[in-house]
Amino acid sequence: MPELPEVEVVKKSLEKSIKNLIIKKIQINTKKLRYFVDKNKINRTVGRKIISIKRRSKYLIIEVEKNLSILAHLGMTGKFLLLNKKKKLKRTSFYYQLSNKGSKHNHVIFNFNNNTKLIYNDVRKFGFIKVIQSNKLNQSTHLKTLGPEPLSKNFNTTYFKKFILNKKKCLKDLLMDQKFVSGLGNIYVNEVLFKSELRPNKIIQKISTKEIEKIIKFIREILKKSIKLGGSSIKDFKDGEGRDGNFQQLFSVYGREGEKCLNNKCQSIIKKTVISNRSTFFCKSCQK
DNA sequence: TTCTTTGTTCCGGA
DNA sequence: GTCCGGAACAAAGA
């Protein structure tokens, strides 16, 4: 699943490959992704140069000349793929190989002035691509309610304490709340709570300052490590190979129901439960 | 056929 | 008004 680290890797990849290129043509092969695909609006970017690539939470923002931005979200299975002039996959900005079977899910294809192409491919069609005026991005429904970036200085102990005042949620729901901190998804929240040795269903009013510090520390640590690995695995990417193996190895609890806890000397088995309709994995011995 | 999976938005109830 | 939890959304594999 594309979570914050994956989107960050995509951003860095696109910064190297499509910045300063001019959009020559856009092929749109679907009427609807997560939302209606507005061909007219998207086509307004044709003829304009790409001036910056940004990430906010899990959103990717491709800014073009004259106050337009392409806002994209990868949803569950969205990915950007880059084709060079010989139509060979030059570098994927995400971890799936583009198979022949997968090409029917190439929904939007950007053609650039140097004959390279950027393909938006999405099997589940749960992602989206929109074009918005750059100076109105922050007021868009998608971005306006987002909390601080988890890797920014604004996300700190003081902020954490202030936000949870008079709130009743459990810890997992808090970390999943994009208004609290933006960009953490189910997988990383499971991982952070395991490392922090805290129960997902712990009531947030019962969390100590030390525990808050631990949570923030592990959020930063896990995200940074994942960004680093994502980057290296794209560099080492070879045709016909996904990066599934490497990617999965990162997880300490997610998807490990029934398996032994990975902490030293712990003999417990990882449990699975459901919180707010999301799979939740934890060790009942290590997480208090 | 039904269940599961993902993140965001929307909506009803408290 | 505000907070919170759950449903809906697309699509496919088990």
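Chain identifiers are assigned alphabetically (A, B, ...) following the order of the sequence lines, protein sequences preceding nucleic acid strands; residue numbering begins at 1 within each chain.
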Which is it for K284(A) and S268(A) under the side-chain hydrogen bond (donor to acceptor under 3.5 Å, both in side chains) test, yes or no, and what are the steps along the way? CA-CA 7 Å; K284(A) 67 178 189 339; S268(A) 288; 4.7 Å; no

From CG of L146(A) over to C1' of dT9(B), roughly how many Å is that when rounded to an integer? 12 Å

Provide, to the nearest angstrom, the distance between the NZ atom belonging to K125(A) and the P atom belonging to dA12(C). 9 Å

N-O pairing of K195(A) and E221(A) below 4.0 Å: no

Can you tell me how far C1' of dG7(B) sits from CD of Q178(A), to the nearest Å? 7 Å

In B/S/- notation, 5' to 3', how is nucleotides 4-9 of chain C contacted by protein heavy atoms closer than 4.0 Å? SSSS-B

Compare side-chain N and O positions of H73(A) against OP1 and OP2 of dT8(B) and report whether any pair is under 4.0 Å apart. yes

To the nearest angstrom, the CG-P distance between L175(A) and dG7(B) comes to 13 Å

Which part of the nucleic acid does F128(A) contact within heavy-atom distance under 4.0 Å: base, sugar-phosphate only, or nothing? nothing

At less than 4.0 Å, is any side-chain N or O atom of H142(A) found next to OP1 or OP2 of dT8(B)? Yes or no. no

Phosphate OP1/OP2 of dT2(C) contacted by K179(A) side-chain N/O (<4.0 Å): no

Shared hydrophobic cluster for V192(A) and I203(A) (ILVMFWY, side-chain gaps under 4.5 Å): no

More than 12 foreign heavy atoms under 6.0 Å from NZ of K271(A): is that the case here? no

Got a donor-acceptor pair under 3.5 Å from the side chain of R124(A) to the base of dA11(C)? yes

Taking all non-hydrogen atoms of both residues into account, name the closest pair between Q178(A) and L184(A) and its distance. NE2-O, 3.1 Å

When all nucleic acid strands are considered with a 4.0 Å heavy-atom cut-off, which category describes D122(A): base, sugar-phosphate, or nothing? nothing

With a 4.0 Å cut-off on heavy atoms, is K272(A) in touch with a base, just the backbone sugar-phosphate, or nothing at all? sugar-phosphate

Return no unless some side-chain N or O of S279(A) is found under 4.0 Å from OP1 or OP2 of dT4(B). no

Assess whether ring-ring contact (aromatic ring centres under 6.0 Å, His included) is satisfied between F180(A) and F155(A), documenting all intermediate values. CA-CA 9 Å; F180(A) 171 61; F155(A) 182 62; 5.6 Å; yes

Just by distance, do the side chain of E65(A) and the backbone of K49(A) share a donor-acceptor pair under 3.5 Å? yes

Over how many whole Å does the gap from M176(A) atom CE to dT8(B) atom P extend? 9 Å

Interatomic distance where CG belongs to N190(A) and P belongs to dT5(B) [whole Å]: 11 Å

Without decimals, in angstroms, what is the distance between I129(A) CD1 and dA10(C) P? 18 Å

I need the OH-C1' distance between Y35(A) and dG7(B), as an integer number of Å. 9 Å

